[in-house]
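Since this is a predicted model, take the numbers as computed values, not measurements. Ligands are counted one by one from 1 in listed order, and the atoms in each one are counted from 1 as well.
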Amino acid sequence: MGKIVILDENTANQIAAGEVIERPASVVKELVENSLDAGATSVTVEIVNGGKKSIRVTDNGHGIEADDAAMAFERHATSKIRTIDDISRISTMGFRGEALASIASVAKVEMVTRAEKDADGTRVYAEGGNIISLSPAGAPVGTTFEVRELFYNTPARYKFLKNDAVEAGYIHEILTRIALSRPDVSVKLINQGKTVLHTPGNHDLLSVIYSIYGSDIARSVIPVKMSAAGIEIEGYIGKPEISRGNRGYESFYVNGRFIYNRIMTTAVEEAYKMKLMQKRFPFAVLMLKISPHFVDVNVHPAKLEVRFSDEKKVFRAVYHSVSGALSSASLIREVREDGSYKLTTGQKPQIPEQIRLTEETVYCREPEDTAVTKQPAQRLEAPVPAAEHTQKAREYVPEDKITVQYAREDKAITQTGHENVKTAAGELTGEKIPDIGEAEEKSPADDKKRLQNARIIGQVFSSYILLEEGEDIFIIDQHAAHERISYEKIRKKYAEHESFEQGMISPLAVNLSELEMDRFKHLSGYLRRLGFDIEVFGSRTVLVRSVPYILSGGFSSRDLADILEKLYIEVSDVSDMIPEETLYMMACKSAIKANRKMTDVEIRALVDELAETDDLYTCVHGRPAIISISKKELEKRFKRIV
Ligand code: ADP
Ligand code: MG
């Protein structure tokens, strides 16, 4: 007798389920995508035990007609395509007709649905892929799925699930991605009876960001909008002050789908270069629209990765949209009391707490100081455990018709309901988003003018410059500011092929190690272009006759060794360009150090020069050059106002 048999349908479905349905979060993804395909404007997901015990998804979509209800559970049953040709013009998330059959084969599923044209709804109950009952049921238009005891009949798969909190975390992540991609849909997640995510569905992405990440993030983002060469980019990016220790806050979408893509990630991070310190990553939610002909989505089975046919074009579009947005916004970091808004629970929201750490520990590294890596980076990088998602969730209360109006740069947004925000525990917090754009947004041009008009208060700790302008105190880190100024000067000179050279009053003899001597010989061309005139003077000695003019204030043999090393590491054989990093380092070396007294005349000159730079906010290593404290903030701290 032959050994080949055709698998029964249930077994085939269970095997198929292994590919799509890996864990409760995959069930949630499939069901919510079906809801979106059905035109729902509101989707609520309720989970028990991380979705292992039950997952209920309720939507207000168009429902399923009574005649079709049972069929939806069949393999290859779909209402979305009829022939292969339809696939090319499909706009729905699903079309394979596999999800429901797969889910039903490994769980106990109840579906209650009603289409508008039907007077009665339908209830279908299935276990392990077999329909057990089908009956009319009263129901509103829309569909509710309840999936219980996932993998009850495939224990091997059940064993691979993680604990409840971790599985709930995956579900939270999936819904966060979906919510960000669909500001027109109100998405709600209820975990063990608590609302942990709730977006308003008011078509406004900023409101979604607010609901998910809280007010500190929402008021520190900059809108991005660009359209060029067949690519549209829209979204929000974070000011550098809300950077993170990992890429967890970078979300990219291509044609509405959440994806991971190296080109987009690199382009964004490149745009933040010099604005963020090493190992810090920006907040970004970016939606890219491009003709599907230029995207290959089949790189990754779960379709989370895509490949673009013209990667350079995508890189340029993303890079320019982000750097354009960054250069249009004032990036002076404001010192704010973290708890300027209060939660009645007494809990501080998770995210702002972490951001505050960065603000307090950041300082501009002196040339010889590497202590900066000793920041509490570990704490910053700690992921937020799933259970703590509840802390950061803000529940939007659609019933409340309180309206907060605020304007951002170019658009006025009307927001409903934010006055009354509930914590996960359902308590009223009275939290507002008053600070989002309420004060009008300032531009770099405004900041430049303000610096020029500022009154010098003086210098403190021989390291910081204090200024007063309007309703703000500015504090400038003199070293960081000078480094920025020097960098822009040398970069400009270099770009214009001007000479950097500045003769030394008397030549400086420098002894080099054998290794350094080797490097010197290898790099002598670059050194000449940088403005060095150095000649070999004996087997291990060189004579420095000229140095780049910005270093003429004081140049030591140590500096030469450092520059040799930096150049040696950064120079590539293929390019005869001076690496940017070498310019950074020269800028850093030339900058006045902290712990140096400055006269008022020197201060004025430094402030004026800083005002003229292209980017006055950070030194070349991404640390802030200037921060501000508002009069209002002082009044708050002295309890003159609450
Ligand atoms: P696909 O989404 O690939 O078509 P599914 O197995 O996910 O396949 O769903 C099968 C069919 O069931 C869908 O094509 C759709 O007609 C119907 N359906 C599933 N969920 C819903 C829902 N929430 N609202 C309306 N129709 C639904
Ligand atoms: Mg589907």
Side-chain angles (χ1 to χ4, degrees), residues 9-10 12-22 24-46 55-107 109-118 120-126 129-131 134 137 139-147 150 174-175 177-178 181-182 185-188 201 256-258 297-298 301-303:
E9 199 177 307
N10 238 337
N13 281 339
Q14 286 185 1
I15 291 167
E19 284 152 29
V20 244
I21 307 301
E22 208 188 333
S26 3
V27 174
V28 169
K29 177 173 181 286
E30 293 297 337
L31 294 183
V32 173
E33 287 187 352
N34 279 345
S35 297
L36 298 176
D37 284 349
T41 56
S42 165
V43 184
T44 298
V45 179
E46 292 167 80
I55 296 166
R56 191 209 307 258
V57 177
T58 307
D59 71 48
N60 65 351
H62 58 53
I64 303 175
E65 290 175 24
D67 297 344
D68 284 349
M71 195 137 77
F73 287 85
E74 301 279 329
R75 189 130 176 244
H76 305 309
T78 180
S79 57
K80 298 166 195 173
I81 57 166
R82 290 287 176 264
T83 71
I84 187 82
D85 296 338
D86 296 339
I87 292 178
S88 59
R89 43 179 176 273
I90 194 148
S91 62
T92 53
M93 321 276 292
F95 60 79
R96 287 167 214 277
E98 261 170 6
L100 289 187
S102 297
I103 295 168
S105 73
V106 290
V109 180
E110 183 186 64
M111 175 181 83
V112 178
T113 186
R114 177 160 82 87
E116 193 145 24
K117 81 175 231 315
D118 292 342
D120 263 340
T122 314
R123 179 193 310 274
V124 180
Y125 180 70
N130 303 309
I131 293 185
L134 190 145
V141 174
T143 306
T144 298
F145 271 94
E146 185 161 350
V147 176
L150 183 65
I174 290 266
L175 282 177
R177 289 173 188 170
I178 292 175
S181 73
R182 295 294 301 267
V185 177
S186 170
V187 177
K188 187 170 180 174
R257 279 189 176 275
F258 178 89
V297 289
N298 287 320
K303 290 199 211 145

Is the closest N or O pair between L31 and ligand 1 shorter than 3.5 Å? no

Is K80 in contact with ligand 1, taking contact as a heavy-atom separation below 4.0 Å? yes

Output for pair (T41 OG1, N60 CG), nearest 0.5 Å, gives 3.5 Å

V187 versus V32: any side-chain heavy-atom pair under 4.5 Å? no

To the nearest 0.5 Å, what is the distance between NZ (K117) and NE2 (H62)? 13.0 Å

As an exercise, state the distance from CZ of F145 to CG of N34, rounded to the nearest 0.5 Å. 6.5 Å

Taking the minimum heavy-atom distance to atom 3 (O) of ligand 1, which of G39, G63, G97 ranks first? G97

Roughly how far apart are E110 CD and T144 OG1, rounded to 0.5 Å? 9.0 Å

Between ligand 1 and G61, can you find any atom pair, the residue atom being a heavy atom, that is separated by under 4.0 Å? no

Suppose we measure from atom 12 (O) of ligand 1 to each protein heavy atom; which comes out shortest, and what is that distance? A72 CB, 3.6 Å

Starting from atom 23 (N) of ligand 1, what is the nearest protein heavy atom, named by residue and atom, and what distance separates them? D59 OD2, 2.9 Å

What's the shortest distance from atom 16 (O) of ligand 1 to any protein heavy atom, and which residue and atom give it? S79 OG, 2.5 Å

At what distance is the nearest protein heavy atom to atom 25 (C) of ligand 1, and which residue and atom is it? A38 CB, 3.5 Å

Counting only heavy atoms, which portion of E30 has something under 4.0 Å from ligand 1: side chain, backbone, both, or neither? neither

How close do S35 and D59 get, heavy atom to heavy atom, and via which atoms? OG-OD2, 2.7 Å

Quick check: closest heavy atoms across G256 and S181, and the distance to 0.1 Å? O-CB, 3.8 Å

Give me the residue, atom name and distance of the protein heavy atom closest to atom 22 (C) of ligand 1. T143 OG1, 3.8 Å

Nearest to atom 27 (C) of ligand 1 by heavy atom, V32, T58, I64: which? I64

Assess T78: does it contribute an N, O or S atom lying under 2.8 Å from the Mg ion (ligand 2)? no

Specify the protein heavy atom at minimum distance from atom 11 (C) of ligand 1: its residue, its atom name, and the distance to 0.1 Å. A77 O, 3.9 Å

Taken to the nearest 0.5 Å, the spacing of R182 CZ from L36 CG works out to 5.0 Å

Identity and distance of the protein heavy atom lying nearest atom 20 (N) of ligand 1: N34 CB, 3.3 Å

Give the atoms of ligand 1, by number and element, whose distance to some non-hydrogen atom of A99 is under 4.0 Å. 6 (O), 7 (O)

At what distance is the nearest protein heavy atom to atom 4 (O) of ligand 1, and which residue and atom is it? T78 OG1, 2.6 Å

CD1 of I64 to OG of S79, rounded to nearest 0.5 Å, is 7.5 Å

Is E98 close to R75 at the side-chain level, that is, under 4.5 Å between some pair of heavy atoms? yes

